[in-house]
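Everything below concerns the one structure shown next.
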Amino acid sequence: MKLENKQEQKRVDHVMEIIAKDISRLEEETARRKNEVVHIRKHFWDEIKVNTDTFDDYLETIIGLRQEAQALSVSQTSHRHASKRLSTLRRMQKIPYFGRIDFMEEGTTDQEQIYIGISSLSDESGENFLIYDWRAPISSVYYDYQPGPAKYSTPEGEIDGVLEKKWQYLIRDGELQSMFDTSLTIGDEILQQVLGKGTDKQMHNIVATIQQEQNRIIRHDRGRLLVVHGAAGSGKTSAALQRIAYLLYKYRDNLNADQIILFSPNTMFNSYVANVLPELGEENMQQVTFQEYLDHRLSKKFHVEHPYEQLEYVLTAPHSPSYQARVAGIKFKAGVQFFNAVNAYRKSLESCGMIFKDIKFRGNSIVSAKQIADRFYHFDTNLRFHNRLEKLKEWLLKELNNAEKAERSKPWVQEEMELLSNEQYHKARTILAKKQGYKREEIADYEVEPTALARLIVRRKLKPLRKWIKGFHFIDYKGLYKQIFAAAEQIDQWIEGETPKEWADICKETVEMVDENKLLYEDATPFLLLKELIQGFQINSSIKHIVVDEAQDYSPFQFEFLKRLFPAAKMTVLGDFNQAIFAHASEMVDFNILTSLYGPDETEVINISRSYRSTKPIIELTRSLVPNGERIIPFERDGARPELKKFADHKELHNQITSKVADLQSHGYESIAIICKSAEESLQAYEALSERINELKLLKRSSLEYEQGVVIVPSYLAKGIEFDAVIIYDASEYVYGDESLRRTFYTACTRAMHELHLYSVGEPSPFLQNWDAGTGSASQHPL
């Protein structure tokens, strides 16, 4: 070992000793803190004298409660912080640091050596940093500069200086395996090693291999909206997760993981990325899909179509008679034009058009829908819409009180009184006695008055109706949404521009679905928006940051909704238009449409074009599949050329897939995906191959976790996930012949890290005509 390596290993040994000591100390501290918490919880009430006889006694009890609660809170917080630090140190035992810069600050003559890892570490005195956290301001020099003039930003201003040298380390379990001085873009050699490995079931942190463009994403801290448009495999999702870790570190005094939400494409993807933040010593943020939010808000009243149900229809039913109208409806209802129409429609309801439900009790109408509408439009029109609804609610509650008085003398009340069991009677007497101020021991002496009992019975019976009115359920939201589509020409008064030529058919299908208590996916967000605009938005002001992954699958309508839903949040949006596989994708021609959300001054768009996931030969193929594919820059990592084979029938295809899977497994690949266009095709493939391939798994919409091994998966479920090897089940013209499927095909092919095999029953897809399977090269895409 060279002298320099020996000295560096000596330093690694010293750092490992410090980490070991800190771990030992924290293990004792966490055990002690845990015992404290358990003890306080166990004996919480032993320390408190509860006495409420006098005001002073009451005050003393409250103070005692507060002191014990505060002691418990302090112990719990200390235990949590110690446990979190202990978890981080245990990770640092495996890789204490991965980089170093030799930096000389302007105005000084001393060169400082800055070692960089996933977290900071001080020496035993606590005064000198042995390792700097990768999120610390000075660490940005490591990612952003080659040797020469460099600077970094601090809260006090910019620090200028000279980066003398930049080193990279590969340390595993305390052993320095390699180190080198580099002026390359950060991580090229280590990145080669990382990318050359097989995948596992979870995404990991990328702090050792962050590139300059990814570092811009991570440390971006201006405006309300950051839009990241990146090629498949460019590391945009990883960078966004590191960005969350950076924000949690930078704003640790007023931002925590519970105030951040990741909107991910599916629940399986959630498990795939769940490891990244814990690897960096941070708690995981909230993760949810947009569909889960829609179900939470709408599923009690409607069956809400899943986005993958919509997509499956688009992929498999092009010959259906209603197909063209459905696709036209999907595109139209996803756009800003329809969003503005819904807003204009709600505005028009201020003067006419509100639809209400009868207020009924025991089959009789208390207030009719017409009376409610007349009353609503009787209010001063200068009042705000929501204030008028509040006044209407108050009026209805008064009408309910009047109805309650009238009901008390009706025969059904007397019958209810006579049918009360002893238990029910004693319960009613207790309630009435307490209302009269009787103490517990005096209740037996209370004489129940029939009028009081009648009042109680009626009030109890009307309680659900009272709650129903307070929840504004007297508004007919279904009727109001259907009213937009009641007649094809109805929408003309609220819309700017033209409606689709299939609009009459769209209206007919929408009304039929709503009448059946079903909401098509394209109707779910518009329906919810209309409801919110009428009733008042149920905003969430506690969320400070949201991350939207696979943003090309969201409609402009949905983005407008998210903006209103989280008014206090900043937003990071990630996507790749080349992977826009939903039918509304034409509305998202580029991400510049998002600029209108918060305005150009509050928005920044970062484009990243270098792809790291796949080998260069695979990227040469995939970039030939899409317009402007030449802008995608492959990372210089060689590998096997993609294979294209044509078969006469499915029997030959299945024989080849079985053979190829065995071959890939023999080469050590643990993550192999057979990607089909749709769930329908995936099921057919699984039924044909499950007897031939051991432990073959079929990934479905309901799959909660991404699993390794050999999997069959629909193209849209594979989004965001990478595999060691990918087999495109049937890349034929029959399956991928329509131009609308170009992005779906591209998405499937870009999942491969090391090997890509395309099999075709019959003639291959025309998308492959610009790629020479013999040489692996691609001509320019004509679009």
Side-chain angles (χ1 to χ4, degrees), residues 315-316 318-319 581 614-626 629 639-667 669 672-693 696 710-715 718 723-783:
L315 291 175
T316 61
H319 304 298
I581 60 177
S614 308
T615 60
K616 187 175 181 181
I618 292 174
I619 293 174
E620 290 289 353
L621 182 154
T622 56
R623 69 181 187 171
S624 74
L625 299 175
V626 289
R641 196 169 63 225
E643 173 189 55
L644 173 60
K645 283 190 175 181
K646 185 169 75 169
F647 303 102
D649 55 38
H650 281 83
K651 183 179 178 182
E652 282 186 22
L653 170 69
H654 297 147
N655 288 338
Q656 175 63 25
I657 290 176
T658 305
S659 171
K660 179 52 67 177
V661 166
D663 178 55
L664 291 168
Q665 288 175 323
S666 73
H667 283 83
Y669 293 131
I672 302 166
I674 302 164
I675 300 184
C676 301
K677 182 179 78 170
S678 63
E680 183 181 285
E681 188 183 58
S682 296
L683 181 59
Q684 292 167 0
Y686 179 75
E687 288 172 348
L689 294 167
S690 58
E691 297 287 321
R692 297 162 168 256
I693 300 171
L696 180 66
V710 187
V711 299
I712 293 180
V713 58
S715 55
F723 304 91
D724 293 334
V726 164
I727 295 169
I728 303 299
Y729 176 73
D730 188 359
S732 66
E733 183 175 19
Y734 177 77
V735 177
Y736 291 102
D738 193 276
E739 182 60 30
S740 66
L741 296 169
R742 181 178 292 279
R743 293 184 178 117
T744 302
F745 189 67
Y746 168 82
T747 300
C749 292
T750 55
R751 302 304 96 201
M753 284 185 68
H754 308 299
E755 291 197 31
L756 174 62
H757 301 272
L758 303 106
Y759 298 150
S760 170
V761 179
E763 288 303 311
S765 167
F767 306 148
L768 293 165
Q769 66 185 9
N770 297 298
W771 176 68
D772 186 337
T775 66
S777 63
S779 58
Q780 176 57 43
H781 193 279
L783 295 180

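- The shortest heavy-atom contact between Pro714 and Ser682 is N-OG, 3.3 Å.
- Shown here for Ile728 and Ala731, the closest heavy-atom pair between the two residues is CG2-CB, 3.8 Å.
- Contact check for Thr750 versus Ile618: no side-chain heavy atoms found under the 4.5 Å cut-off.
- In this structure, CD1 in Ile693 is found 12.5 Å from NZ in Lys660, a value given to the nearest 0.5 Å.
- Side chains of Glu763 and Tyr734: no donor on one and acceptor on the other come within 3.5 Å.
- Looking at Thr747, its side chain does come within 3.5 Å of a backbone N or O of Arg743 through a donor-acceptor pair.
- Atom OG in Ser614 sits 12.0 Å away from atom CZ in Phe723 (nearest 0.5 Å).
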Problem set entry | Trace of the side chain to side chain contact (heavy atoms under 4.5 Å, CB included) decision for Ile727 with Val661 | CA-CA 9 Å; Ile727 295 169; Val661 166; 3.9 Å; yes

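- The two residues Pro617 and Gly639 make their nearest non-hydrogen contact at CG-O, 3.4 Å.
- To the nearest 0.5 Å, the span separating OG on Ser732 from CG on Leu758 amounts to 11.5 Å.
- Note that CG of Asp738 and CZ of Phe745 are 14.0 Å apart. Values are rounded to the nearest 0.5 Å.
- Closest heavy-atom contact between Ile712 and Ala685: CD1-C, 3.8 Å.
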Exercise. For Leu768 and Leu625, what are the C-alpha separation, side-chain angles and deciding distance, and is it a side chain to side chain contact (heavy atoms under 4.5 Å, CB included)?
Worked result: CA-CA 7 Å; Leu768 293 165; Leu625 299 175; 4.1 Å; yes

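- Taking OH from Tyr729 and NE2 from His654, the interatomic distance works out to 2.5 Å, rounded to the nearest 0.5 Å.
- Panel note: side chain Ser765, backbone Tyr736; a donor-acceptor pair is recorded below 3.5 Å.
- Taking the side chain as every heavy atom from C-beta outward, Leu756 and Thr615 never approach each other to under 4.5 Å.
- Under the 3.5 Å distance criterion, the side-chain polar atoms of Ser715 are matched with a main-chain donor or acceptor of Lys677.
- Remark: side-chain polar atoms of Asp649 are paired, donor with acceptor, to backbone N or O of Glu652 under 3.5 angstrom.
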Exercise. Between Glu739 and Phe767, is a side chain to side chain contact (heavy atoms under 4.5 Å, CB included) present by the stated rule, with each step listed?
Worked result: CA-CA 8 Å; Glu739 182 60 30; Phe767 306 148; 3.9 Å; yes

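- The two residues Tyr669 and Glu755 make their nearest non-hydrogen contact at CE1-OE2, 3.2 Å.
- Shortest non-hydrogen contact noted between Leu621 and Pro642 is CD1-CB, 3.8 Å.
- A donor-acceptor contact shorter than 3.5 Å is absent between the side chain of Ser659 and the backbone of Gln656.
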For this session: Go through Leu315 and Glu681 one step at a time and tell me if the side chain to side chain contact (heavy atoms under 4.5 Å, CB included) criterion holds.
Result: CA-CA 10 Å; Leu315 291 175; Glu681 188 183 58; over 6 Å; no

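- The CG atom of Leu653 lies 6.5 Å from the CG atom of Asp730; values are rounded to the nearest 0.5 Å.
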